[in-house]
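Taking it in order: structure first as C-alpha cells, then the write-up.
Numbered from 1 within each chain, the chains take letters A, B, ... in sequence-line order.
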Amino acid sequence: MMRSKVLSLVARADSNRMMSTATKFTTVEVNDKTGIATLTMNRPPVNGLNLELLQDLKSSIDEIEGNKSRGLILTSSSSTIFSAGLDILEMYKPNKDRIRAFWTQLQDTWLALYGSSVPTAAAINGHSPAGGCLLATSCEYRVMVPNFTIGLNETQLGIVAPQWFMASFLSVLPQRDAERALNQGRMFTTEEALKVGLIDETANNKEEAIEKCVAFIGTFAKVNPLARSLTKQQFRAADLQQLQNGRKEDLEKFLFFVNQPAVQKGLGIYLEGLKKKAKKQ
Amino acid sequence: MMRSKVLSLVARADSNRMMSTATKFTTVEVNDKTGIATLTMNRPPVNGLNLELLQDLKSSIDEIEGNKSRGLILTSSSSTIFSAGLDILEMYKPNKDRIRAFWTQLQDTWLALYGSSVPTAAAINGHSPAGGCLLATSCEYRVMVPNFTIGLNETQLGIVAPQWFMASFLSVLPQRDAERALNQGRMFTTEEALKVGLIDETANNKEEAIEKCVAFIGTFAKVNPLARSLTKQQFRAADLQQLQNGRKEDLEKFLFFVNQPAVQKGLGIYLEGLKKKAKKQ
Amino acid sequence: MMRSKVLSLVARADSNRMMSTATKFTTVEVNDKTGIATLTMNRPPVNGLNLELLQDLKSSIDEIEGNKSRGLILTSSSSTIFSAGLDILEMYKPNKDRIRAFWTQLQDTWLALYGSSVPTAAAINGHSPAGGCLLATSCEYRVMVPNFTIGLNETQLGIVAPQWFMASFLSVLPQRDAERALNQGRMFTTEEALKVGLIDETANNKEEAIEKCVAFIGTFAKVNPLARSLTKQQFRAADLQQLQNGRKEDLEKFLFFVNQPAVQKGLGIYLEGLKKKAKKQ
C-alpha cells in the first residue's frame with residue numbers, strides 16, 4: 001500500500017516519464033495506481049517482427065527496467081493478432097547486412113524479455129504463432145482471449161525454431177508435449193493451450209486479460225524486488241547463457257539455413273499465398 | 001494427398017524395395033497407401049535383444065531412413081511380448097569380445113532410433129520390460145494393448161539402467177515419476193502407463209494399435225519433412241550428444257559392473273528361474 | 001523377510017548402535033521389525049538449522065548409511081514445526097569464520113541427504129519453510145500432516161534460494177510451477193502441496209505419516225539395494241555435481257549477498273518481528 005502511493009507521487013512529479021511513452025511501433029503506459037507498465041506492440045496489420053519492431057520492443061523493455069515499474073504486461077494494439085511472428089520479408093531474398101542485424105536484434109530482444117528483472121505477463125489478445133508465441137512464453141504468465149491460436153508452427157512453414165525458442169517453450173510445457181508440438185508445428189486453440197499449460201488463464205477480452213495480468217503481478221507485492229529478480233535470473237541462467245555463449249553460432253546457423261534455395265522457395269510460395277489472401281479480402 | 005499418390009506410384013515401380021524386406025530377426029513392410037514402414041521384431045520366443053537382433057534393428061532403421069518412408073512403426077511378431085529387453089545370455093559369463101560388440105551395437109541402435117529423422121511410433125502389443133521399454137520410449141508416440149506391462153525394471157534384476165535409458169524415460173515422464181519408477185524397477189500396467197504418460201493411447205489389439213500409430217504419423221502430413229527432422233534432432237541433441245561424447249566410458253562402466261561377481265551370481269539365479277519356469281510350461 | 005530377521009538379530013546383538021542413538025539435536029531410531037531408521041530433528045523451538053543441527057543431521061545420515069538401515073525417515077520432535085529453515089542468527093551480523101563453517105556444513109548436509117544411498121522419505125509433521133522445504137524435497141517421498149505450510153519462501157525474506165535449493169525443488173515440481181513459486185516465495189498449504197506434487201500423500205498425524213513413509217520404503221523390498229543405490233545416484237548425479245564443482249563459488253556468492261547492508265537490515269527487521277511475536281505469546 002505504502003509502496004504504490006510513493007510510486008504514484010513519483011508519477012505525478014515526473015508525469016512524462018511515468019505516464020506514456022512511444023516509439024514508432026510500441027507504446028509504454030505506466031498505471032499510476034498499480035505502478036505496472038503496459039507495453040503495446042503497434043505495427044499494423046499483424047505486428048510482424050521486423051528489425052524496427054524488435055528494436056522498439058527492446059528499448060521499451062529497457063525503459064521499463066529503468067523506470068522502477070512493478071511489472072510489464074505485453075499486449076497488442078490489434079484486435080485479432082498478438083503478433084504474427086518474424087516478418088517473412090526480413091528473411092525472403094534478404095539483404096546481407098540487414099538480415100544479420102535483424103537476427104542479432106531478435107537475440108537481444110529475447111535476452112532482455114526472458115531475462116527481465118521485473119515481473120512479466122502477456123495479455124494475448126489475438127493469434128500468436130511462431131515469434132508471437134516466443135514473446136508470450138518468454139513472459140512469466142499468460143492470459144489469453146478465446147477463439148485465437150498460439151504455438152510454434154515453424155515446421156509448417158518449412159523453418160526450424162532455434163534452440164532458445166525451444167527453451168522458452170520448455171519452460172512452460174512438459175517435455176513430451178513440447179517436442180510433439182514443435183515437430184507438428186501445432187497451433188493450440190485458447191482452450192487447448194489452457195489445458196496443456198501453454199497459457200495460465202483465459203479472459204473474455206483484452207481489458208479482462210490485462211486485469212488478470214495485473215492480479216498476477218500483484219502476487220509479488222510482499223516480495224523483496226531484488227531477491228525476486230536475482231531468483232528469476234538464477235532460475236533462467238542456464239537458458240540465457242546457452243544463447244549468450246553461442247550467439248555467433250546461432251546467427252551463422254540461421255543464415256546458412258535461411259539461405260538454402262529450398263527454404264527461400266518455400267518462403268516465396270508462402271508470401272505469394274499471403275498476397276492472394278490479401279487481395280481477396 | 002498428392003504426396004501419397006506419388007509415393008504409391010514409386011512403390012509400384014520398385015515394389016521390391018517398398019513392399020517388404022527382411023533380415024533374420026526383423027521385417028520391414030511399407031504400406032503403399034500411407035508410405036509408412038512397419039518394423040517388426042521377430043526373434044521368438046521373447047524378442048530378447050541379443051547382438052544379432054540389435055544389428056538387424058539398426059539395419060532396418062537405416063533402410064527406413066533411406067527409403068523415403070513417411071514414418072516408422074515398431075512392433076513385435078509375438079502376441080504376448082513386445083520385447084523382453086536385453087538378452088541375459090549376452091551378459092552372463094560373457095565372451096570378452098562379443099559383450100563389447102553387443103553393448104556397442106546397443107548404443108548404435110539406440111542412437112539410430114532415438115535420433116531417427118522420420119516420425120516414429122511404437123505399437124506395443126505385449127510386455128515391454130527394460131530394453132523393450134527403452135525401444136518404446138525412444139519412439140515419439142506409444143500405443144499399447146491392454147493386459148501387458150511396461151517399465152525399466154533393471155533394479156529388480158540387480159542391474160542399473162544406464163544414463164541414456166534414463167534420458168529416454170525422462171523424455172516422456174515427469175522427473176519425480178521417472179526417478180521413483182527407476183529406483184523401484186516398477187512395471188506399469190497398460191492402464192497405469194497411460195495415466196502417468198508413459199504411453200499415449202491404448203488399443204484393443206495390434207491392428208488397432210498400428211492404426212493409431214498411423215494416425216499419429218498422419219499429423220505430420222502438412223509439415224515440411226526437412227524442418228521436422230532438424231527440429232526433432234535439435235530437441236534431442238543434448239541426449240544424443242551425451243552418449244556420443246561418452247560412448248567409451250559408458251561401455252567400460254557397463255563391463256565393469258556386469259563382471260562383478262555379485263551381478264554374475266544374480267544373473268545366474270535369474271536364468272535358473274527362467275529355465276524352471278520354461279520346464280513347467 | 002529373511003533380511004529383516006537378520007537385521008533384527010544384529011540389532012539385538014548390538015542394541016546401542018541399532019536401537020537408538022542421539023546427538024545433541026538429532027536422534028536415530030531403527031525399527032527392529034522393518035530395519036528402517038527414523039531421524040528426528042530436535043532443536044526446540046523450531047528446528048532452526050544452525051551449524052550444530054546441520055552437523056548433527058550430517059552425522060546421523062552418515063550413521064544410517066553405515067548401519068545397513070533399509071531406509072531413512074526424516075521428521076521433527078515438534079508438534080507444529082518440521083523445520084523453520086536456516087537459523088537467521090547464523091546470518092545476522094555473522095562471525096566471519098562461523099558463517100563460512102555454517103554454509104559449508106549446509107552444503108555437506110544437503111549432499112549427504114540428496115545423494116543418500118538408502119531410500120529416504122520425509123514425515124512432515126509441521127510447517128516447513130525455506131531450508132525445511134529443502135530437507136523435505138531432498139528426500140524421495142513426502143507425507144504431510146494437514147494444516148501446515150511448505151515452500152521456498154526466501155524472496156519473502158529478501159534472500160535468494162541458491163541454485164541447489166532450486167534443483168531439489170525442480171526434482172518434484174514442473175518447471176513453470178517451480179519458477180513461479182520461487183519468485184513468489186510461495187508457501188503451499190498441505191492440500192495445495194498435494195495438488196501440485198510438492199508432497200506425495202497426506203496423513204492425519206505424525207504416526208500415520210511415518211507409517212506411510214514405511215510403506216513407501218517397502219516398495220523397494222524386492223529391489224537389489226546396490227542397483228537401487230547406483231540408479232538413484234546416477235539419476236541425481238548432475239544436480240550433485242553442479243554443487244560439488246561449484247562449492248567455493250556458491251559459498252562466496254552467499255557471503256557476498258548476505259553481507260549486503262540491505263540484506264542485513266532486512267534480517268534485522270525480521271528478527272525484531274520474531275522477538276515481538278515471542279513476547280506477545
_Once rounded to the nearest 0.5 Å, what's the spacing between atom CG of A/Leu230 and atom CG of C/Asn183?_
11.0 Å

*Is it the case that more than 12 heavy atoms not belonging to A/Asn205 sit under 6.0 Å from its CG atom?*
yes

*Tell me, out of A/Arg228, A/Glu140, A/Lys222, who's got the most heavy-atom pairs with chain C below 4.5 Å.*
A/Arg228

*Positions in residues 88-115 of chain C that reach chain A, provided some heavy atom is under 4.5 Å away*: none

_Taking every non-hydrogen atom, the tightest pair across C/Gly158 and A/Ala227_ = C-CB, 3.5 Å

*How about A/Gln242: does its CD atom have over 12 heavy atoms from other parts shown lying under 6.0 Å from it?*
no

_Close contacts, residues 160-182 of chain C versus chain A, judged by heavy atoms under 4.5 Å_ = C/Val160, C/Ala161, C/Pro162, C/Gln163, C/Met166, C/Leu170, C/Gln175, C/Arg176, C/Ala178, C/Glu179, C/Arg180, C/Leu182

_C/Lys253: which residues meet the salt bridge (charged side-chain N to carboxylate O under 4.0 Å, His left out) condition with it, sequence neighbours left out?_
none

_Test item: A/Asn224 and C/Gln156 side chains (from C-beta on) under 4.5 Å apart, heavy atoms_ = no

*asked:* If the condition is ring-ring contact (aromatic ring centres under 6.0 Å, His included), which residues does A/Phe235 pass it with, not counting sequence neighbours?
replied: none

*Give a yes or no on whether C/Asn259 atom CG has more than 12 heavy-atom contacts from other residues, nucleotides or ligands under 6.0 Å away.*
yes

